[in-house]
Protein chains: 4
Amino acid sequence: MVRVGRPSGPAEATAEVVLRAALTLLLEEGGAALTPQRLHQLTSVSRATIYRHWPTPTDVLAALIDVAPDPERPLTGDPVRDVHAEVDALCDRLHEKPVATFLQALVAMAATDPAAVELRQRYVDGLIAPFYRALNGADLPPTEVKDAVAAIVSPLLVDALLLDRPAARVRAHRVVDLHVRPSSARQEADPASSHGRPGRE
Amino acid sequence: MVRVGRPSGPAEATAEVVLRAALTLLLEEGGAALTPQRLHQLTSVSRATIYRHWPTPTDVLAALIDVAPDPERPLTGDPVRDVHAEVDALCDRLHEKPVATFLQALVAMAATDPAAVELRQRYVDGLIAPFYRALNGADLPPTEVKDAVAAIVSPLLVDALLLDRPAARVRAHRVVDLHVRPSSARQEADPASSHGRPGRE
Amino acid sequence: MVRVGRPSGPAEATAEVVLRAALTLLLEEGGAALTPQRLHQLTSVSRATIYRHWPTPTDVLAALIDVAPDPERPLTGDPVRDVHAEVDALCDRLHEKPVATFLQALVAMAATDPAAVELRQRYVDGLIAPFYRALNGADLPPTEVKDAVAAIVSPLLVDALLLDRPAARVRAHRVVDLHVRPSSARQEADPASSHGRPGRE
Amino acid sequence: MVRVGRPSGPAEATAEVVLRAALTLLLEEGGAALTPQRLHQLTSVSRATIYRHWPTPTDVLAALIDVAPDPERPLTGDPVRDVHAEVDALCDRLHEKPVATFLQALVAMAATDPAAVELRQRYVDGLIAPFYRALNGADLPPTEVKDAVAAIVSPLLVDALLLDRPAARVRAHRVVDLHVRPSSARQEADPASSHGRPGRE
DNA sequence: ATTTAACCGAGACGGTACGTCCCGTCTTTAC
DNA sequence: GTAAAGACGGGACGTACCGTCTCGGTTAAAT
């Protein structure tokens, strides 16, 4: 079938100006401010236009998430080292606000819009996935992998979500050491082995 | 100065009928439904009356929290056992909805109302406090206590808040065993020692 | 049952200011201008308030009609004279705009709102009724009464509605003389008998 | 200057399909439905195309009126007979809807669009003209001709426009007899002379 | 067969009004 | 003083249509 007529979707300029304003709004006033009304006021893009392309605030948030994917970090092959790297990366992202704010906004939206539930799911999965990837090389049974990831990541998320405080980076590193030692190494492990990393907290 | 006239505060009947409706609303439609409007519709208590006694939705939520305090569990003196008991208690409360819903509502409200931020803080502290209490008896350094509590509780909260799934009870018990062994016992610990507890998950 | 609380219906001030503005609008811009939006702009009464009390433009028009009822003219007992008086009265009312404008508005609204159809019916009946009342005394058979009223009134309405010109007063008086002579008198009638009336047209 | 390229104006197929839909819309939903939007929905002719050829709803209505002119009836030379024939013709046209609907639509549009005022004028003139033509042969003074036409036609229009009822055909015939007798014949007139016509009402 | 002007469909876009909903405050009345 | 009933201004919501516009692809006459 031959396509005729003007191409569909927002003109590039429109999409850019709206999403840029959306990011600003989100960071400065939180997810509840991502309304068509506020976006219109900030961008002077017509309210109707915004509804056309992003019918719900969830759609705006989804578009925001899509434009800033998390770049993959290269694996060294050493699981312990890789997991520590991921901890640092996640703490950095949580510290630089957008990720923590995205999470807060997703939780708040999920209370209203079922579509946001799924989005929240995918977003959290995206945050956790790198840890599973890093732990792939360690010879741990699946249960221990899951436990380790949960014990490492959850406190960071809780810090960002519930306690409004910077992610507890050094604690996370300690938990990594506790969980990710290969079982064979646990008795002989040198507890100071991970002290070379920069404790940025 | 002598007080004259009708005593202040809502008549008991009013307060009860409103808060009962508020709980129903909260559980069935989430924190965003806790509006004067909805409460009025459900209770046929006048909107003006509701505004008088609970000026903001946060006040309603705070009143709800106050009426259902968490009863303290008696301590046995055995930290390991007490922490396991607390894990079970928290999982039960998260499972029976109110607590998880309170948390979601508090997070959502905190995005809007600063007063809710403080309330959220206090509520989370109330959830965590029993674990610190239980670990009081264990001869662990403060850092390890904090790490342990975080590693135990955070995954449960994340399950309830972010992943909409029942709290991972057995995993939490495993994590307790991993963290709460008294340090002196870690080498000789029998990893099967906690298998007697009922795995209710 | 005891009535409690503030009495229902618009406060007097509100109703007056809105209806006054509605009349101005109607006369200056026609029935299509009787929208909540325009009324709000002119009165700075809130749009919501207007919707509360007059949910449709037809309701506004109905309220307008209710506040300005046509006062009854006294009957002399002489049908011919009374009908001539009614012709003058109707021409005056059509000339002074409100009635003609009401009619136009009612026709236009009736195209959209079924409620306006009934209102239009009642309004037209109200315009015609005085003629039937005046002709009551004449000893004419019912058919001739109807014919006479139609022949007298219709051209006036058509002038106002379709041709945007002042009602043809003198023609209407001629038609009265043609239709309302008592049949016994038609042969002997002095065609100049009605020349004493002031020809205001 | 030599014209080159595709000729201007709508392709025949486009014009026909749009006007056919416009007529349907007009009859079923009234003049207010004659919008570019509705025409587009019914015909799947692009909205832009419709704007190109009929910039306002009034233009659509004008085009509709142009495509269905009233065919002239032949005159017999007998004014009385001819006028009766015209009465029947007008009643038929009013009864078959389009004319009555056109009138209603024209009145409604005239409230908004000044261009429709002129159109309405022309349309009404077109309805009345045949009566003047038929009365041309009668030896009546101009004033009486005007009175007669008004008394005959106006009630029919009022029936269609204001009272939503079928045109009162037999009354119209009676009024013809009353007005159109040549003055010389009025004394000797046989009032039953017109009873031979079929009373279709 | 090419030009060339116009048609035509698809859709973006700003704008405006719609009718609804809830907010928070106020006034009126009854108890 | 408490409470109910309800008016009121305010503001956002989501929808609908308006009129204009920019794209592309198509069509039909004149060269």
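In what follows, chains are A, B, ... by sequence order, proteins preceding strands, each numbered from 1.
- The CH2 atom of A/Trp54 sits 12 Å away from the C1' atom of E/dC13 (whole-angstrom rounding).
- In this structure, B/Pro36 reaches the sugar-phosphate backbone alone: every heavy-atom distance under 4.0 Å involves primed, P, OP1 or OP2 atoms, never a base.
- For the pair A/Thr49 and E/dG14, the criterion of a side-chain N or O lying under 4.0 Å from OP1 or OP2 is met.
- For A/Ala48, taking side-chain heavy atoms from C-beta onward, the closest of the listed nucleotides E/dA17, F/dC8, F/dA16 is F/dA16.
- When the nucleotides F/dC8, E/dC18, E/dG9 are ranked by their closest atom to the side chain of D/Val45, E/dG9 comes out on top.
- Taking the side chain of A/Tyr51 as heavy atoms from C-beta on, and the options F/dT15, E/dA12, E/dC26, the nearest nucleotide is F/dT15.
- Comparing B/Leu34 and D/Ile50 by the nucleotide of DNA chain E that holds the closest heavy atom to each, the one mapping nearer the 5' end is D/Ile50.
- Side-chain contact check for D/Val107 versus D/Leu103: every heavy-atom pair is 4.5 Å or farther apart.
- Contacts of D/Arg52 classified as side chain to side chain contact (heavy atoms under 4.5 Å, CB included), with partners at least two apart in sequence or in another chain: D/Ala48, D/Thr49.
- Between C/Val45 and C/His40 there is no side-chain heavy-atom pair separated by less than 4.5 Å.
- Within the structure, every side-chain polar atom (N or O) of B/His53 is placed at least 4.0 Å from both OP1 and OP2 of F/dT2.
- Judged by atom type and distance alone, A/Arg47 reaches the base of F/dG14 through a side-chain donor-acceptor pair under 3.5 Å.
- Annotation: side chain of B/Leu161 is in contact with side chain of A/Leu162 (closest heavy-atom distance under 4.5 Å).
- Rounded to whole Å, the distance from CD on B/Gln41 to P on F/dA4 is 15 Å.
- Here the nucleotide nearest the side chain of C/Gln37, chosen from E/dC18, E/dC23, E/dC22, is E/dC18.
- Put simply, B/His40 has no side-chain N or O that comes within less than 4.0 Å of OP1 or OP2 on F/dA5.
- Proximity note for B/Arg52 (side chain, C-beta onward) versus F/dA4, F/dC17, E/dC7: the nearest is F/dA4.
- Side-chain N/O atoms of D/Ser44 include none lying less than 4.0 angstrom from OP1 or OP2 on E/dG9.
- Distance CG (D/Leu42) to P (F/dC17): 13 Å, rounded to an integer number of Å.
- Here the nucleotide nearest the side chain of C/Ser46, chosen from F/dA5, E/dA17, F/dG10, is F/dG10.
- Contacts of C/Pro10 with the nucleic acid, taken as non-hydrogen atoms under 4.0 Å apart, involve only primed sugar atoms and P, OP1 or OP2.
- The CZ-C1' distance, from A/Arg38 to F/dA12, rounds to 12 Å in whole Å.
- Rounded to a whole Å, the CG atom of B/Leu39 is 12 Å from the P atom of E/dG24.
- Within the structure, every side-chain polar atom (N or O) of A/Thr14 is placed at least 4.0 Å from both OP1 and OP2 of E/dA12.
- For the pair B/Leu26 and B/Ala105, the tightest heavy-atom approach, listed with the atom from each and the gap, is CD1-CB, 3.8 Å.
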